[in-house]
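For the single chain, residues carry numbers from 1 onward in sequence order. Atoms considered below: every heavy atom in the structure, side chains included; atoms not considered: hydrogens, waters and symmetry mates.
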Amino acid sequence: MAPSLSEPFNDSSVLIDFVINQGNGVKGLSEMGLKALPKQYIQPLEERMCMTNVQAQESIPIIDMSNPNDPEVEKSICEAASKWGFFQIVNHDVPVEVLENVKDATYKFFGLAAEVKNKYSKEHSMSNNVRFGTSFTPQAEKALEWKDYLSLFYVSEEEAFALWPSVCREQVLDYMRKSEVVIKQLLKVLMKGLNVNEIDETKESLLMGSMRTNLNYYPKCPNPELTVGVGRHSDVSTLTILLQDEIGGLFVRGNDGDSWIHVPPIKGSLVINVGDALQIMSNGKYKSVEHRVVANGSNSRISVPIFVNPRPSDMIGPLPELIENGEKPIYKQVLYSDYVKHFFRKAHDGKKTVAFAEL
């Protein structure tokens with residue numbers, strides 16, 4: 001039951017009930033035709049996007065992957081990971097129809113009735129590995145983010161078929177399967193850049209032992225300048241592979257530390273970014289970089305990241321090969337699940353999570 005529109009959400013408990021408990025999400029708010037943003041979504045001034053800080057001329061590297069073993073391509077990948085922490089790849093091995101199918105499936109999932117989506121919420125989901133939610137960590141945030149998501153942690157095909165929503169299950173599995181080739185190509189190159197020339201089973205498991213896909217939905221927003229789609233953060237992954245639609249809205253922290261760079265949508269491309277786990281394992285050679293998503297006043301936007309992670313039970317720290325070569329470690333060994341818990345316990349706060357692993 002939607003609240004009346006006069007001053008519908010002055011009472012936070014009414015908002016939480018409508019958005020979270022009933023499963024309407026931010027999409028439900030957007031579809032009410034609100035003329036003003038509910039106060040719970042108004043971000044403090046310092047967290048809002050100031051367009052004067054955007055470097056219009058700058059762009060993250062765009063790398064053609066049609067020949068991934070070309071030494072020049074390998075060099076560009078390692079340089080992009082060291083300098084920018086972000087790059088886009090084109091002419092990669094994931095077929096365009098696989099990408100289009102997963103985008104369609106994302107719209108289909110968010111087009112389901114609230115009570116159907118709500119079956120996958122924290123309170124009702126049959127598994128922690130399947131989670132429909134909104135914002136980032138609502139209980140820890142001073143201001144909420146203008147985003148709904150479905151998070152799918154991959155355990156096995158059997159579990160996916162049993163527990164994932166049927167409307168998007170096969171498309172997401174196909175996207176994950178087809179992306180694995182590209183993920184392995186990238187990790188091979190990045191490891192070679194650290195003089196780790198062989199990825200054995202143990203190393204592969206450490207780098208990509210677990211995967212999670214999110215379907216993200218950023219509904220049209222009444223006052224986009226007052227809120228955020230996603231606040232400033234770096235990912236906790238080894239690598240993140242991101243499919244964005246044609247709307248745009250992803251911004252990456254520039255190398256000067258003050259400005260932001262828009263990541264323009266390129267049809268058929270994938271955005272790749274280094275996560276904290278790889279920054280730690282590379283002993284700081286590869287950088288995980290702060291990024292954020294702005295809200296949009298005229299269009300809804302979707303994105304589908306695959307987070308490539310160590311397993312929760314893995315210890316992460318600078319790779320032994322680097323320390324054996326005489327490098328001084330700048331990070332300690334931490335249990336990956338502890339690192340992730342630390343990230344999810346608080347609101348988005350830029351690059352602060354990585355301090356958890358610093359010596």
_Any salt bridge linking Lys267 with Glu100? Criterion: basic side-chain nitrogen under 4.0 Å from a carboxylate oxygen._
yes
_Which label fits His233 and Phe343: parallel for a plane angle under 30°, tilted from 30 to 60°, or perpendicular past 60°?_
tilted
*Quick one: do the Glu327 and Asn283 side chains pair a donor with an acceptor below 3.5 Å?*
yes
*asked:* Can you see whether Asn216 engages Ser303 through a side-chain donor-acceptor pair at a distance of less than 3.5 angstrom?
replied: yes
*Using the ring of each side chain (for Trp, its six-membered ring), is His342 parallel, tilted or perpendicular to Phe356, with breaks at 30° and 60°?*
parallel
*Relative to the ring of Tyr41, is the ring of Trp146 parallel (under 30°), tilted (30 to 60°) or perpendicular (over 60°)?*
perpendicular
*asked:* Quiz question: by atom type and distance under 3.5 Å, do the side chains of Arg131 and Ser121 form a donor-acceptor pair?
replied: no
*How close do Ser300 and Pro219 get, heavy atom to heavy atom, and via which atoms?*
OG-CA, 3.5 Å
*Side chains of Ile77 and Leu186: does their closest heavy-atom pair fall under 4.5 Å?*
yes
_Any salt bridge linking Arg232 with Glu47? Criterion: basic side-chain nitrogen under 4.0 Å from a carboxylate oxygen._
yes
*asked:* Would the distance check show the side chain of Asp200 and the main-chain N or O of Lys203 forming a donor-acceptor pair, the cut-off being under 3.5 Å?
replied: yes
_I'd like to know whether NZ of Lys351 has more than 12 heavy-atom contacts from other residues, nucleotides or ligands below 6.0 angstrom._
yes
_Could you check whether any side-chain N or O of Trp84 sits under 3.5 Å from a backbone N or O of Pro61, counting only pairs where one atom can act as donor and the other as acceptor?_
no
*Got Ile306 and Met211 here, is their nearest side-chain heavy-atom distance under 4.5 Å?*
yes
_Between Asn118 and Gln22: side-chain donor-acceptor atoms closer than 3.5 Å_ = no
*Reported CZ-to-OG distance for the pair Arg212 and Ser151, which is rounded to 0.5 angstrom*: 4.0 Å
*Pair Asp104 + Lys108, salt bridge at N-O below 4.0 Å*: no
*Check ion pair Glu180-Arg177 (N to O, under 4.0 angstrom)*: no
*asked:* As a test of understanding, state which of Thr213, Leu99, Ile302, Thr106 forms a side-chain contact (heavy atoms from CB on, under 4.5 Å) with Leu243.
replied: Leu99
*Judged by modelled atom types alone, do Glu58 and Asn255 share a side-chain donor-acceptor pair under 3.5 Å?*
no
*Can you list the residues that meet the ring pair (Phe, Tyr, Trp, His ring centres under 6.0 Å) rule with Phe110, with sequence neighbours excluded?*
Tyr217
*Would you tell me whether Ser205 and Thr202 have side-chain atoms, one donor and one acceptor, within less than 3.5 Å of each other?*
no
